[in-house]
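Read through the structure below, which is laid out as structure tokens, and then see the notes.
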Amino acid sequence: MCGRFSLKEAEVRKVAVRFRATVDARLSAEPMRPRYNIAPTQNVLAVRMEGEERILGSLKWGLVPSWAKDASVGNQMTNARAETVRERLAYRQLFRTRRCLVPCDAFYEWTGERAAKQPYAFARADGALFAIAGLWDAWSDPQSGSVLETVTLITTQPNAMVSVIHDRMPAILREADEEAWLTDTPDAAAALLRPFGGEMRSWPVSRRLNSARFDDASLIAPVRVSEQPELF
DNA sequence: CCAGACGTTGTT
DNA sequence: GTCTGG
DNA sequence: CCAGACGTTGTT
DNA sequence: GTCTGG
């Protein structure tokens, strides 16, 4: 699945250039830092269409559908399966109208038992930014009236490299397909949700990554699995 | 018609 | 075992 | 995704 | 909000 990822690029402006997007006015005030351990419930950057324009903004990871009675359902909706996303009632409509791109430079998958969960990082071979396919929605809090914008990340079958570690991976779009994901028909968009075919590399990383309260550069450094100390 | 659901992962 | 929080 | 909590009463 | 099941 896709339950953690990194985005080391802290310059929102640079991310916006890569995705040919305009920075959302609400983002300018938010200071950014490099992120190595982005977890569900946290805010992530996302590119959405607003009319003819791509807007780079911030969404909370964990979809809260517009019809939800309260925001807690978002905890259970961090991912949507590519194989069924067009059937599922909670996602069907969003697939037609609210697709987005989530910028990322590595994602993590785990192997092993609960007592010794070992994470691995996966990145493009060239280290470049890429986009995970997402769906977003806006939810109005009936109490306060404030609007919460949220996102879910689509998962698909693993490619050869990821399948060694895990049986799911995020739906990564080729750069050439990003425009179609944002603007083309649902049928055309659905055809883009395939296991990533580009060259990737992977390496084991620190088990400190397991705890979402850690977030520093050491988390993405390669480790030797056999030499990791007990940490919890 | 109304009521009730609307999700994924991993683990067993 | 299952849910919540990060 | 994983980690950590999972509870109430009364008193400070 | 929208769909499914009864």
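Atom P of nucleotide dG5(C) and atom CZ of Arg4(A) are separated by 16 Å, given to the nearest angstrom. In this structure, the OH atom of Tyr120(A) is 14 Å from the P atom of dC2(D), given to the nearest Å. At whole-Å resolution of the value, CG in Asp215(A) and P in dG5(C) are 20 Å apart. Rounded to whole angstrom, the span from the NZ atom of Lys60(A) across to the P atom of dG6(C) amounts to 8 Å. Straight-line distance from the CG atom of Leu135(A) to the P atom of dT8(B): 11 Å, rounded to whole Å. Between Arg92(A) atom CZ and dC6(B) atom P the separation is 12 Å, expressed in whole Å. Distance, Gln93(A) CD to dT2(E) C1': 8 Å, rounded to whole Å. As a whole-Å value, the separation of Leu153(A) CG from dG7(B) P is 16 Å.
Aromatic ring centres of Trp181(A) and Phe19(A): separated by at least 6.0 Å.
Remark: the separation of the C1' atoms in dT2(C) and dT8(B) is 15 Å, to the nearest Å. Taking the P atom of each, dT4(C) and dG7(D) are spaced 11 Å apart, rounded to whole Å. For dT11(B) and dA3(D), the P atoms lie 12 Å apart once the distance is rounded to whole Å.
The pair Glu83(A)-Arg168(A) meets the salt-bridge criterion, with a side-chain N (NZ, NE, NH1 or NH2) lying under 4.0 Å from an Asp/Glu carboxylate O.
By the 30° and 60° cut-offs, the orientation of the rings of Phe130(A) relative to Phe107(A) is perpendicular.
The Leu89(A) side chain lies nearest to dG7(B) when the options are dC2(D), dT4(C), dG7(B). When the nucleotides dT8(B), dT2(C), dG7(B) are ranked by their closest atom to the side chain of Arg114(A), dT2(C) comes out on top. Between dT8(B), dC2(D), dT4(C), one nucleotide has an atom nearer to the side chain of Asn75(A) than all others, and that is dT4(C). The side chain of Trp110(A) lies closest to dC2(D), out of dG7(B), dC2(D), dG6(C). For Gln42(A), whose side chain is taken as the heavy atoms from C-beta onward, the closest listed nucleotide among dT8(B), dG6(C), dA3(D) is dG6(C).
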Strand DNA chain D as a dot-bracket string - pairs counted if Watson-Crick or G-U with both distances under 3.5 Å, | where the partner lies in another strand: ||||||......
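Side-chain atoms of Trp203(A) come within 3.5 Å of backbone atoms of Ile220(A) as a donor-acceptor pair (strictly under, hydrogens ignored).
Using a 4.0 Å heavy-atom cutoff across all strands shown, Ala68(A) reaches no nucleic acid atom at all. If you check every strand for non-hydrogen atoms under 4.0 Å, Ala90(A) touches sugar and phosphate atoms only. Among the protein residues, Tyr91(A) comes within range of the sugar-phosphate backbone only, with heavy atoms under 4.0 Å from sugar or phosphate atoms but none that close to a base. Residue contacts shown for Thr84(A) are limited to sugar-phosphate atoms, with no base heavy atom under 4.0 Å away. Here Thr155(A) lies in heavy-atom contact (under 4.0 Å) with sugar-phosphate atoms only. Within 4.0 Å (heavy atoms only), Arg168(A) reaches sugar-phosphate atoms of the nucleic acid but no base atom. Within 4.0 Å (heavy atoms only), Trp67(A) reaches at least one base atom of the nucleic acid.
Donor-acceptor pairing under 3.5 Å is lacking for the side chains of Asp187(A) and Thr185(A). Under the 3.5 Å distance criterion, with hydrogens and angles disregarded, no donor-acceptor pair is assigned to the side chains of Arg98(A) and Gln93(A). A donor and an acceptor atom, one from each side chain of Thr22(A) and Arg54(A), are nowhere located under 3.5 Å apart.
No donor-acceptor contact under 3.5 Å links the side chain of Arg98(A) to the base of dG1(E).
Listed by residue number, the members of residues 34-41 of chain A with any heavy atom below 4.0 angstrom from DNA chain C are Ala39(A), Pro40(A), Thr41(A).
Between Asn43(A) atom CG and Thr150(A) atom OG1 the span is 10.5 Å, to the nearest 0.5 Å.
A search for salt bridge (Lys or Arg N to Asp or Glu O under 4.0 Å) contacts involving Arg92(A) returns nothing, not counting sequence neighbours.
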Residues Arg81(A), Thr155(A); criterion side-chain hydrogen bond (donor to acceptor under 3.5 Å, both in side chains); working and verdict: CA-CA 5 Å; Arg81(A) 294 175 63 87; Thr155(A) 64; 5.6 Å; no
